[in-house]
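These values consider heavy atoms only, across backbone and side chains, with no hydrogens, waters or symmetry-generated copies.
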Amino acid sequence: MTAMISLQTVEIDPNVVRPGWVALLIVLALGAATFLLWRSMGKQLKRIDVDRDGADDPAPSADPASPAGSPSPDGDAAPTTSDPKDLTKTPGDHAPK
């Protein structure tokens, strides 16, 4: 306990305290790791095969655009059954009549 009190009361002279070799080695190791990762990323990006000829063109569609195939503005889908009695129900009607 007395050693702890004596360490707290000692003032540190700023002319004596300097960064050590350990801090320099840590900074150099981080710089070297960053450089190696940067170089590896460059190699990986060069391996990517990109089709630059058709990159901006939209993908072709096999089906022609039709208003019947587009969703309604309400967000409800139209009934798809061919039974006439099912067509009388509204999309929000879930209870049997």
Side-chain angles (χ1 to χ4, degrees):
M1 184 82 168
T2 59
M4 205 164 162
I5 293 172
S6 65
L7 286 177
Q8 292 177 352
T9 59
V10 175
E11 290 190 26
I12 299 173
D13 184 16
N15 294 327
V16 176
V17 176
R18 348 172 281 177
W21 289 103
V22 175
L24 176 65
L25 292 176
I26 290 172
V27 169
L28 291 176
L30 287 173
T34 302
F35 174 75
L36 292 173
L37 286 171
W38 182 40
R39 196 172 78 178
S40 174
M41 182 185 66
K43 288 180 182 179
Q44 294 295 324
L45 289 174
K46 287 179 184 176
R47 290 182 185 178
I48 296 174
D49 184 28
V50 178
D51 181 23
R52 298 194 188 272
D53 294 337
D56 293 334
D57 297 337
S61 176
D63 298 330
S66 65
S70 62
S72 66
D74 300 338
D76 297 330
T80 57
T81 60
S82 60
D83 191 10
K85 65 180 180 180
D86 286 341
L87 295 176
T88 59
K89 294 181 182 178
T90 61
D93 187 19
H94 296 290
K97 289 189 175 185

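Under the 4.5 Å side-chain heavy-atom criterion for ILVMFWY residues, no single connected hydrophobic cluster contains both Val16 and Val22. Each of Leu30 and Leu37 belongs to its own hydrophobic cluster when Ile, Leu, Val, Met, Phe, Trp and Tyr are linked at side-chain heavy-atom distances under 4.5 angstrom.
Counting heavy atoms of neighbouring residues, nucleotides and ligands inside a 6.0 Å radius, atom CG of Leu25 exceeds 12 of them.
As a member of the Ile/Leu/Val/Met/Phe/Trp/Tyr network built from side-chain separations under 4.5 Å, Leu28 groups with Trp21, Leu24.
Taking the side chain as every heavy atom from C-beta outward, Leu45 and Ile48 approach each other to under 4.5 Å.
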